[in-house]
Structures are given as structure tokens and as C-alpha cells.
2 protein chains.
Amino acid sequence: MKAKKEITIYDIAKKLKYSPSTISRALNDHESISKNTTLLIKKVAKEMGYRPNSLAASLRNNKSKTIGIMISRINRPFVSSLISGIEETARKAGYNVIISQSNDKYENEVINAETLYNSRISGLIVSLSMETRKLEHLRRFMDQGIPIVFVDRVPDELDIHKVIIDNYTAGYKATQHLIEQGCSRIAHFAGAQHRNVYRERKKGYLDALKDHHLPVDNDLIVSFKSLSFGEGEKATRNLLDLPQPPDAIFSANDTAAVSAIMYAKKRGIKIPEELAVIGFNDDPIASIVEPALSTVIHPAIKMGQISAQRILQHAAEEDENNSPEVTVLPTELLIRDSSKKKA
Amino acid sequence: MKAKKEITIYDIAKKLKYSPSTISRALNDHESISKNTTLLIKKVAKEMGYRPNSLAASLRNNKSKTIGIMISRINRPFVSSLISGIEETARKAGYNVIISQSNDKYENEVINAETLYNSRISGLIVSLSMETRKLEHLRRFMDQGIPIVFVDRVPDELDIHKVIIDNYTAGYKATQHLIEQGCSRIAHFAGAQHRNVYRERKKGYLDALKDHHLPVDNDLIVSFKSLSFGEGEKATRNLLDLPQPPDAIFSANDTAAVSAIMYAKKRGIKIPEELAVIGFNDDPIASIVEPALSTVIHPAIKMGQISAQRILQHAAEEDENNSPEVTVLPTELLIRDSSKKKA
DNA sequence: TCGTTTTTTGCAACCGGTTGCGGCTCAAAT
DNA sequence: ATTTGAGCCGCAACCGGTTGCAAAAAACGA
């Protein structure tokens with residue numbers, strides 16, 4: 001249990017009769033150190049088993065090679081894939097990733113922001129909690145020039161970095177697909193409307209109806225709090241009990257869509273003949289439910305990769321030409337059996 | 001973009017005419033500082049907007065308040081729940097969590113271990129990659145007295161901290177349940193046998209058969225590489241093509257179990273009448289597939305919480321009475337329709 | 001009142017890299 | 001021979017807390 005002494009640059013310096021500054025510079029490939037010395041120092045460093053103390057460097061630079069992530073909850077398919085993408089690219093660049101969950105509570109997000117700030121992260125990737133409406137808790141990062149990239153659930157502000165999908169078009173296409181299958185009373189499971197993703201999906205839905213001269217029936221638009229399984233069942237029951245029940249549902253997520261399918265089947269409703277269903281996300285459950293759920297593919301891992309790249313790229317540039325970039329990734333409609341009325 | 005100056009303990013010291021040492025001690029509730037001064041200092045610190053620079057403290061202590069996690073892949077239901085539990089308890093204690101994925105490659109695990117080590121984490125939680133057979137890459141942590149807690153996929157060594165479930169009993173009970181349903185030719189989808197979890201589940205399966213005087217037929221035991229959906233389908237096909245096909249399957253995970261159900265149904269096999277199926281993990285897909293999959297519940301979040309607590313507790317104790325603890329959590333058999341032959 | 005104990009606080013070194021600025025060396029230019 | 005300058009490298013301060021040891025202050029006892 002004796003803690004073996006760590007090798008420092010001072011040890012290398014002493015051994016090689018160089019100054020610590022030279023060792024430091026050599027290890028960082030500083031140009032003002034000759035090729036030969038650099039090579040020698042690196043060789044000896046390796047031999048001695050030197051490993052850099054990133055804490056010391058971080059302290060000096062007041063910046064740790066770490067990317068912070070703020071998300072709602074890790075154990076959701078979309079989120080964990082997102083993180084997976086971030087972690088992968090961050091690590092390749094020698095960055096660590098630290099994670100904080102808000103559990104969709106604004107309050108937690110504020111606390112986590114503070115903690116992450118104190119950790120001197122060099123960049124922050126945020127997918128907003130369901131509750132969040134203000135960005136005050138993130139102001140500090142901006143003031144300090146710490147790059148923030150918003151991903152998926154982003155604020156409406158314009159001059160910020162975003163990595164999103166085209167929710168509007170996805171919603172439009174999903175609805176249009178249902179219309180093309182011959183559906184005319186299409187219900188929509190809508191998420192919280194102050195979150196861009198759900199608002200855009202709904203807008204796409206509405207415009208698709210409009211463009212195809214279908215009436216908008218507010219009874220068919222259900223506002224969800226969390227798009228959970230239970231909520232989905234209840235909503236489906238209400239819809240099916242309507243005097244004129246819908247002949248299709250476009251749900252803003254897969255969980256609710258699957259619950260609709262399962263509940264409707266229990267009632268003896270034929271899917272997709274009597275009720276076509278399409279979801280959003282392509283969660284694993286989408287391909288398991290029967291009939292398999294048509295859905296919109298969300299490039300979660302890629303979104304994570306791109307978000308991380310933005311941070312890394314910002315960290316690499318010494319000057320701060322921070323023109324906020326908005327990246328919109330394409331989605332894809334994945335048609336399975338739950339919406340395929342025509343052969 | 002002007003980086004506002006951070007408040008340090010020196011600023012507080014100057015303002016209050018105390019020395020930085022006193023400030024530092026007061027903020028850490030050091031006993032040798034009088035109650036009054038402590039209170040005063042804390043008040044002023046708050047007023048001035050002081051926030052501790054954990055990097056500096058970490059450097060001095062050569063230990064950052066950070067827990068490292070090594071797992072295979074984040075985007076798997078069990079793993080993301082595990083992390084969720086770790087993150088939650090770690091954060092409550094003021095610790096950060098940094099994550100590294102091995103993608104089930106030993107090579108990556110080695111690299112990640114090195115990176116985490118260099119980050120001066122104060123503890124490490126590890127669920128081994130599928131490939132890992134040696135622990136050399138973790139030796140460094142042990143030598144430095146950095147606590148390691150293994151979770152779920154753990155090594156066979158005895159004198160280490162482990163948080164696991166009783167895979168043997170779970171496997172035994174799952175198999176026994178199938179036997180009680182009247183099944184006599186029970187197949188097993190087994191995972192890599194050098195990983196404790198899969199080995200134990202198989203042992204439970206074998207012992208259950210033995211105890212109920214059922215023969216062990218090696219044709220009915222399929223060795224999987226990764227227990228994936230594709231592998232599951234193929235294995236099921238082979239089993240059903242057998243002269244004497246099985247009347248039940250106990251799969252070491254849900255993915256393969258679900259694939260078996262779906263494939264068998266496609267062949268017109270009745271579940272559970274002709275083929276009873278039981279899985280492991282209770283992934284979301286388990287409750288979606290039809291008939292719903294019986295499975296073994298894995299307390300993933302709790303496992304994460306306990307693992308984190310172990311680390312925190314070790315960090316709290318100044319003396320190192322490191323008697324390795326092994327925590328075995330109970331599992332529960334969740335009987336759904338896929339295995340319910342009798343009413 | 002004065003020495004002794006206990007409490008409270010300060011000094012200064014330390015953790016391990018990083019970096020502005022200045023110095024030294026040696027070759028090319030004048 | 002002297003100047004100039006490019007190439008290499010070292011000095012020393014710095015990042016912001018932490019802590020052993022000693023000193024100062026307060027409390028106590030005789």
C-alpha cells in the first residue's frame with residue numbers, strides 16, 4: 001500500500017541536466033526546442049515511466065481537458081447514444097467527459113451547472129431539461145468564453161451553437177406518409193410545447209395537414225407531459241372513445257406510440273388497417289412491437305460526435321471567432337408495418 | 001468576452017485581514033478555527049461570490065473528487081442505469097463522474113485505465129469488457145491505494161470489492177421455473193464463459209436440471225459470442241431444426257430471448273405452449289414483445305448507487321482498513337406470459 | 001500578577017506543470 | 001573583427017489551495 005513516487009518533469013530534468021521548462025516544452029512539442037533534445041527527452045520520459053499530471057496543467061491554464069455534459073437522464077436510449085458519441089470523440093482527442101443528470105428538473109440543472117463550472121471544464125454540451133425556460137444558469141460559461149453547444153433540446157435563441165435535427169420536416173414527412181396511406185383523421189401525441197423539438201414536430205404535422213387540405217381537429221391533438229407509456233395508453237383510450245376516432249396517430253416519441261399500438265390491439269383495433277401509427281426516435285422497442293413501429297430515425301451518436309467536435313474545435317482556435325454554428329442533421333423515415341396500409 | 005476575475009481565498013484573506021490559511025481552514029470547517037471566524041468567513045465568501053477551485057485542491061492532494069467508470073458501452077439499458085445510479089450518488093457527495101467506454105475491447109480498456117489514472121481519480125468503478133482476462137492494467141490503481149469496485153462483470157479474484165447479483169441462483173430459479181411449467185428439454189443461451197455472470201447463470205441452469213433429474217443435452221446449450229439479436233435468431237433456428245427441439249429456452253439476456261420469441265413465432269411455434277422462453281435483465285423490450293418476456297430483474301441503478309457508496313466510504317476513511325467487501329444483491333424472477341404454461 | 005495551558009491564527013513550503021522574458025551560443029553578414 | 005540574428009534553453013514567477021509547525025492570543029490556575 002506504499003504509494004510509489006510519481007515521476008515528474010523535475011525528475012527528468014535532474015536526470016538529463018535540463019531545466020523543467022525545457023522538459024515541459026519538449027513534451028509539448030514546443031518549436032523552440034531542438035528536434036534532438038525533444039526526441040531525447042521524450043525517450044527518457046517514457047523510459048522513466050513519466051505520466052503527465054493533468055491537474056497541474058489544468059490549474060496553471062485554469063482549464064481542464066474535460067467536456068461537461070448536461071442531460072436529463074442517462075438511461076434513455078437517445079441520451080445514452082448521444083453520450084456514447086460524445087465520449088468517443090472526446091477521448092480520442094485526449095479529453096475526459098463528465099456527466100450530470102438533471103432528471104428533467106430545472107433546479108438540478110442549475111446546481112449541476114455550478115458544479116461543472118467549478119470543475120473548469122473547457123466546454124459544455126447541453127440538452128435542456130424538460131422544465132428549463134431560462135438560461136441564466138449558463139450565463140457564467142458564456143461570460144468566461146467557455147463554449148456551449150446545445151443539442152437536440154435546445155433554446156430558441158439564435159446566436160448559439162446548436163446541433164439538431166430537422167424536427168419540422170420530420171414531423172411533416174411522418175404526417176404526409178400517413179396521409180399517403182389514406183388516413184384522414186390523424187391524431188398527434190405532442191410533447192411539451194416550450195421545447196423546440198416537440199413544437200417543431202407539431203408544426204410539421206399541422207402544415208402537412210394543411211397542405212393536403214385536411215382539417216385540423218383539436219380533439220385529435222393530445223398534449224403530453226412526458227410522453228410516457230402510461231400517458232400514451234390513456235390518451236389512446238380517450239381517442240378511441242371519441243365519436244369519430246382517428247385512423248392514425250403520429251406520436252412525438254416511440255414510447256407513447258408503442259403504448260398506443262398495444263392498447264389499441266387490446267381493444268381489437270387492427271393496426272395499421274384501422275389505426276396507423278408512427279413514432280419518433282427508433283428506440284429498440286420500436287422494432288419489437290407487433291406490428292413493428294414506423295418511426296423517424298434520430299442520428300443520436302452522430303449528434304454527440306458533432307457536438308464534441310464543436311467543442312474541440314473551439315478549444316483549438318486561439319482566437320475566438322465564435323460565429324455560432326447551427327448544424328441540422330437529416331432524419332429518415334423508417335417505414336415498418338405499423339403504418340403500411342398499402343402494399 | 002472579458003474573463004471576469006475569479007475570487008480566490010487570497011481575495012477574501014485581504015479583505016478580512018486574515019491569512020489565506022485561515023480562510024482555507026474555515027471553508028473546510030477545520031476544527032482549529034473558532035466558530036465565529038468560520039461563520040464570518042463563510043458569509044463573506046458567499047457575498048464575494050467565491051467558488052472553490054477544485055483543481056488547486058486536487059493538485060495539492062494529488063486526488064481529484066472524481067470517480068472514474070469503465071464500462072463496455074453506455075448505450076445499453078443495464079449500463080446506462082448503472083451509471084445513472086453512480087452519477088446520482090456521486091454528485092450528492094460532491095464528486096464528479098467521468099466515463100470511459102471500452103466497446104468490449106481489452107485494448108481500449110487498457111488505454112482508458114491509463115487516462116483515468118492520469119486524471120487522479122479518487123476511485124474507480126469497473127465492469128469488465130467482454131474480452132478482458134487480465135487485470136494488469138488496473139494494478140497501478142491498487143498500488144496507489146485507489147479503491148476499485150468491480151460491478152456485475154467482475155473478475156474471479158477473491159480479495160477485491162465487488163457488487164454483483166447472485167447469478168447462480170437467478171439462473172437456477174429461472175430454469176426451475178421452466179421445469180415447474182412442465183418443460184423437460186430446456187435449452188440455454190450462454191454468454192462468454194470466462195465472464196462470471198454468464199458462467200454462473202449457466203451453472204445455475206445445469207444444477208437445476210440435475211436437481212430435477214433432467215438430462216443435460218449439450219445440443220441444447222448454445223455458446224454465444226455477444227448474445228445479439230442476430231445470433232439469437234440463428235441459434236433458435238438451429239435448435240428448432242433439431243430432431244428433438246427444445247420445449248423451453250433460458251437465455252442469458254433479453255435481447256437473445258426476444259429474438260428467439262420472434263423467430264419462433266415466425267415459424268409458427270406457439271409461445272409458451274410449444275416453447276417457453278425466459279430472459280435476463282428486464283430490458284424495455286422484454287415487456288413489449290408478445291407474449292411478454294419472463295425475465296430476471298437486475299437492480300442496475302441500485303448496483304450503481306452501492307458501488308459509488310463504496311468508493312465514497314473508502315475516501316472518507318483516513319486509515320485504510322480495506323477489507324474487500326462483496327455485496328450480492330437479490331434478483332427477482334419476473335414471470336410474464338412467455339413462460340406461463342399453467343394458469 | 002505571572003507562568004502555563006489551550007485556542008486561534010499565520011508563515012512558508014508544497015503540489016507539478018507552464019510561460020514571458022532574457023541570456024547564451026554560434027554561424028552568417030558586414 | 002564586429003555586428004546581427006536565429007536557435008536553444010533556463011530563471012523565476014505563477015496557478016489556488018493545503019498543511020506542519022510555530023507563534024500569538026486568550027483563557028486559566030496559582
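Here is how names work: the chains are called A, B, and so on, in the same order as the sequence lines, proteins then strands, and each is numbered from 1.
Here the P atom of nucleotide C/dT8 and the CD1 atom of B/I23 are 16 Å apart, to the nearest Å. One atom, CD1 of A/I12, and another, P of C/dG17, lie 8 Å apart when rounded to the nearest Å. The interatomic distance linking A/K63 (NZ) with C/dT18 (C1') rounds to 15 Å, in whole Å. Summarising the geometry, the separation between CZ on A/R60 and C1' on C/dT18 is reported as 5 Å, rounded to the nearest angstrom. Taking atom CG on A/N118 and atom P on D/dC15, their separation rounds to 18 Å, with Å as the unit. We find that CG of A/N36 is positioned 14 Å from C1' of D/dC9, with the value rounded to whole Å. Here the P atom of nucleotide D/dG10 and the OH atom of A/Y18 are 7 Å apart, to the nearest Å. Across the protein-nucleic acid pair, A/E6 atom CD and C/dC14 atom P stand 19 Å apart, rounded to whole Å.
Within the model, atoms NZ of A/K162 and CD1 of A/I148 stand 13.0 Å from one another, a figure rounded to the nearest 0.5 Å. Going from atom CG of A/N62 over to atom CG of B/L55 covers 7.5 Å, rounded to the nearest 0.5 Å. A/L27 contributes atom CG, which lies 5.5 Å from atom CD1 of A/I12 (distance to the nearest 0.5 angstrom).
Residue side chain B/S21 reaches the base of C/dC11 through a donor-acceptor N/O pair under 3.5 Å, judged by distance alone. A donor and an acceptor atom never sit less than 3.5 Å apart when one is taken from the side chain of A/R120 and the other from the base of D/dG17. One N or O donor and one acceptor, one from the side chain of B/R25 and one from the base of C/dG10, sit under 3.5 Å apart.
Each of B/E31 and B/L59 has a nearest nucleotide on DNA chain C; the 5'-most of these lies closest to B/E31. Nearest-nucleotide assignment on DNA chain D puts the 5′-proximal partner with A/T38, out of A/T38 and B/P20.
The side chain of B/N62 places no N or O atom within less than 4.0 Å of a non-bridging phosphate oxygen (OP1 or OP2) of C/dG16. Residue A/S34 has a polar side-chain atom (N or O) positioned under 4.0 Å from OP1 or OP2 of D/dC9. Side-chain nitrogen and oxygen atoms of B/Y10 include none within less than 4.0 Å of the OP1 or OP2 phosphate oxygen of C/dG10. At the phosphate of C/dT19, OP1 or OP2 sits under 4.0 Å from a side-chain N or O atom of A/N61. For B/S24, no side-chain nitrogen or oxygen approaches OP1 or OP2 of D/dG16 to under 4.0 Å. In this structure, B/T22 reaches the C/dG10 phosphate: one of its side-chain N or O atoms is under 4.0 Å from OP1 or OP2. One finds a side-chain N or O of A/S19 lying less than 4.0 angstrom from the OP1 or OP2 phosphate oxygen of D/dG10.
Among the protein residues, A/K35 comes within range of no part of the nucleic acid, since none of its heavy atoms lies under 4.0 Å from any strand. Looking at heavy-atom distances under 4.0 Å, A/S58 makes no contact with the nucleic acid at all. Looking at heavy-atom distances under 4.0 Å, A/S32 makes contact with a base. Within the nucleic acid shown, A/S54 has no heavy atom closer than 4.0 Å to any nucleic acid atom.
In this structure, B/E109 does not pair ionically with B/K105, as no charged nitrogen and carboxylate oxygen lie closer than 4.0 Å. A salt bridge does not link B/R195 to B/D152: none of the charged nitrogens lies less than 4.0 Å from a carboxylate oxygen.
Of the options B/N96, B/I67, B/I86, a side-chain contact (heavy atoms from CB on, under 4.5 Å) to B/R91 is made by B/N96 and by none of the others.
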